[in-house]
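See below for the structure under consideration.
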Amino acid sequence: MKTRLADYRADNACHMPLSNLDVSEAKRFQDDSIWGCFERLRMEDPVHYCQDSPYGPYWSITKYRDIVAIDTDHRTFSSERGVTIVDVPDKHWTQSFIKMGPPEHGEQRATVSPIVAPENLTKLEGLIRRRARTILDGLPLNDTFNWVDMVSIELTTQMLATLFDFPFEDRRLLTYWSDVAVANPKEGHAIDSWDKRSTILSECLDYFTRLWNERVNAEARLDLISMMAHSPATRHMKPSEFLGNLILLIVGGNDTTRNSITGGLLFMNQHPSELRKLRDNPKLVSSAVSEIIRYQTPIAHMRRNAAADIVVGGKQIRKGDKVVMWYISGNRDEEVIEDADSFVIDRKNVRQHLSFGFGIHRCVGRHLAELQLKILWEEILNARLEIRVVGEPERIASNFVHGYSALPVQIRA
């Protein structure tokens with residue numbers, strides 16, 4: 001019997017009446033106890049209605065095939081009211097192309113997609129490899145350090161700065177703004193109100209507006225700000241829409257890669273036989289990257305709202321209902337993914353995961369995320385680094401970004 005299922009049976013909280021089960025509790029993601037609740041929903045109530053939660057009533061979609069069906073039906077399941085379970089107050093709402101339907105969505109997405117097109121990724125590969133080597137070469141030996149800060153954040157933030165042509169010395173602002181953008185304001189936390197969140201993000205908008213003003217009348221270049229400034233689809237955005245698209249691009253370029261870099265190292269330490277398999281056959285790197293991204297599922301959910309009455313899994317969903325696709329659960333659905341709770345870097349159909357979504361909103365930067373992970377692992381293998389996790393990971397309290405704030409590690413000399 002698998003450990004996760006044993007955990008599920010031992011977890012009394014998951015044995016509450018189904019009507020009371022709310023899988024949106026951020027603490028369960030922070031303490032890594034959410035798995036049993038999702039397993040129960042997949043087995044007993046895969047299309048589950050939660051009447052009472054901090055985010056209002058919502059439907060949980062927890063099975064792989066149901067998630068794909070909803071994600072690929074943008075007409076019935078709309079993203080226009082937001083893509084997270086949180087209902088952002090109107091005063092703090094920002095538009096972005098992920099919250100749009102056709103044709104506006106396609107026009108704005110097409111504006112930025114050339115930067116992650118295959119021909120440009122080929123140009124970026126050498127730069128990513130040099131940076132990965134520099135970062136790994138600079139890590140301390142025989143001393144404990146935080147892998148999240150020194151590797152995961154550093155590599156992804158350097159890449160983000162390049163994509164935006166953002167002043168390199170200020171690149172950690174991008175990480176800060178990303179963290180603020182995905183924070184759900186809560187009393188006692190660093191971001192304790194929507195007003196505080198908006199105040200900080202207005203600083204992000206001011207900074208990027210200066211960059212926009214420098215580039216809008218200059219010759220077009222291949223960076224995200226210049227591309228938006230010169231495209232008819234985005235040139236005349238309102239400031240709030242510019243901020244919304246900035247947040248989308250910053251979070252999308254930061255969180256998926258950053259938390260998969262951390263999760264990958266953690267999983268390889270937890271499953272040393274898979275690490276040995278990778279060391280014995282480095283050609284498995286690409287396969288390992290896909291398995292890391294599935295097993296981590298760095299974006300735990302995406303939200304839609306029903307644009308019409310529809311039946312899903314025998315349940316009647318009404319127009320206007322909030323529908324939450326739990327990618328993190330669908331990626332463990334054994335009806336589709338064999339032995340889904342196991343970390344297996346050479347599994348069949350390894351790219352058959354939900355982490356990047358499906359349909360028109362499929363992650364535009366997914367190939368760049370995979371490339372950064374692939375290069376980093378190639379360089380770890382080439383350098384023959386023995387990187388050991390020496391303490392428990394610190395996970396963030398979020399039901400949206402499934403990630404880490406710290407992972408203590410040591411490298412043997």
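Values in this document were obtained by computation on a predicted structure and should not be read as measured data.
- For the atom pair CG (Asp195) and CD1 (Ile200), the distance works out to 11.5 Å, reported to the nearest 0.5 Å.
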Dump the intermediate steps for ring-ring contact (aromatic ring centres under 6.0 Å, His included) on Tyr327 and Phe356, then the final yes or no. CA-CA 9 Å; Tyr327 293 162; Phe356 294 129; 9.8 Å; no
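- Between the side chains of Asp31 and Ser33, a donor-acceptor pair is found at a separation under 3.5 Å.
- The residues Arg129 and Glu125 are annotated as salt-bridged, a charged nitrogen and a carboxylate oxygen being separated by less than 4.0 angstrom.
- The structure places NE2 of His189 at 4.5 Å from NZ of Lys186, a figure rounded to the nearest 0.5 Å.
- The shortest side-chain heavy-atom distance between Phe166 and Leu211 falls under the 4.5 Å cut-off.
- For Ser152 and Thr262, the side-chain atoms include at least one donor-acceptor pair closer than 3.5 Å.
- Geometrically, Arg172 does not engage Tyr176 in a cation-pi contact, judged by NZ or CZ lying under 6.0 Å from the ring centre and within 45° of the ring axis.
- Annotation: cation-pi geometry satisfied between Arg332 and Tyr295 (NZ/CZ under 6.0 angstrom from ring centroid, within 45° of ring axis).
- The side-chain heavy atoms of Arg303 and Tyr58, taken from C-beta on, include no pair separated by under 4.5 Å.
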Stepwise salt bridge (charged side-chain N to carboxylate O under 4.0 Å, His left out) check, Asp71 with Arg304: CA-CA 9 Å; Asp71 220 359; Arg304 302 289 186 260; 3.1 Å; yes
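- Side-chain atoms of Ile225 and Met228, non-hydrogen and from C-beta on, do get closer than 4.5 Å to each other.
- A tilted orientation is assigned to the rings of Trp59 and Tyr49, their planes being inclined by 30° to 60°.
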For residues 235-244, which side-chain donor-acceptor pairs fall under 3.5 Å, sequence neighbours excluded?
| from | atom 1 | to | atom 2 | distance (Å) |
| --- | --- | --- | --- | --- |
| Arg235 | NH1 | Ala229 | O | 3.0 |
| Glu241 | OE2 | Gln108 | NE2 | 2.6 |

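- Residues Phe29 and Phe400 keep their aromatic ring centres 6.0 Å or farther apart.
- Distance check, rounded to the nearest 0.5 Å: CG of Asn269 to CZ of Arg388 gives 9.0 Å.
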Listing, residues 94-107 side-chain donor-acceptor contacts under 3.5 Å, not counting sequence neighbours, or none:
| from | atom 1 | to | atom 2 | distance (Å) |
| --- | --- | --- | --- | --- |
| Lys99 | NZ | Thr94 | O | 2.6 |
| His105 | NE2 | Ile360 | O | 3.4 |
| His105 | NE2 | His361 | ND1 | 3.2 |

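- The aromatic rings of Phe267 and Phe343 sit tilted, their planes meeting at an angle between 30° and 60°.
- Remark: the Asp22 side chain and the Tyr55 side chain contain no N/O donor-acceptor pair separated by less than 3.5 Å.
- A donor and an acceptor atom, one from each side chain of Ser198 and His92, are located under 3.5 Å apart.
- At a threshold of 4.5 Å between non-hydrogen side-chain atoms, the residues Glu203 and Leu205 do not count as touching.
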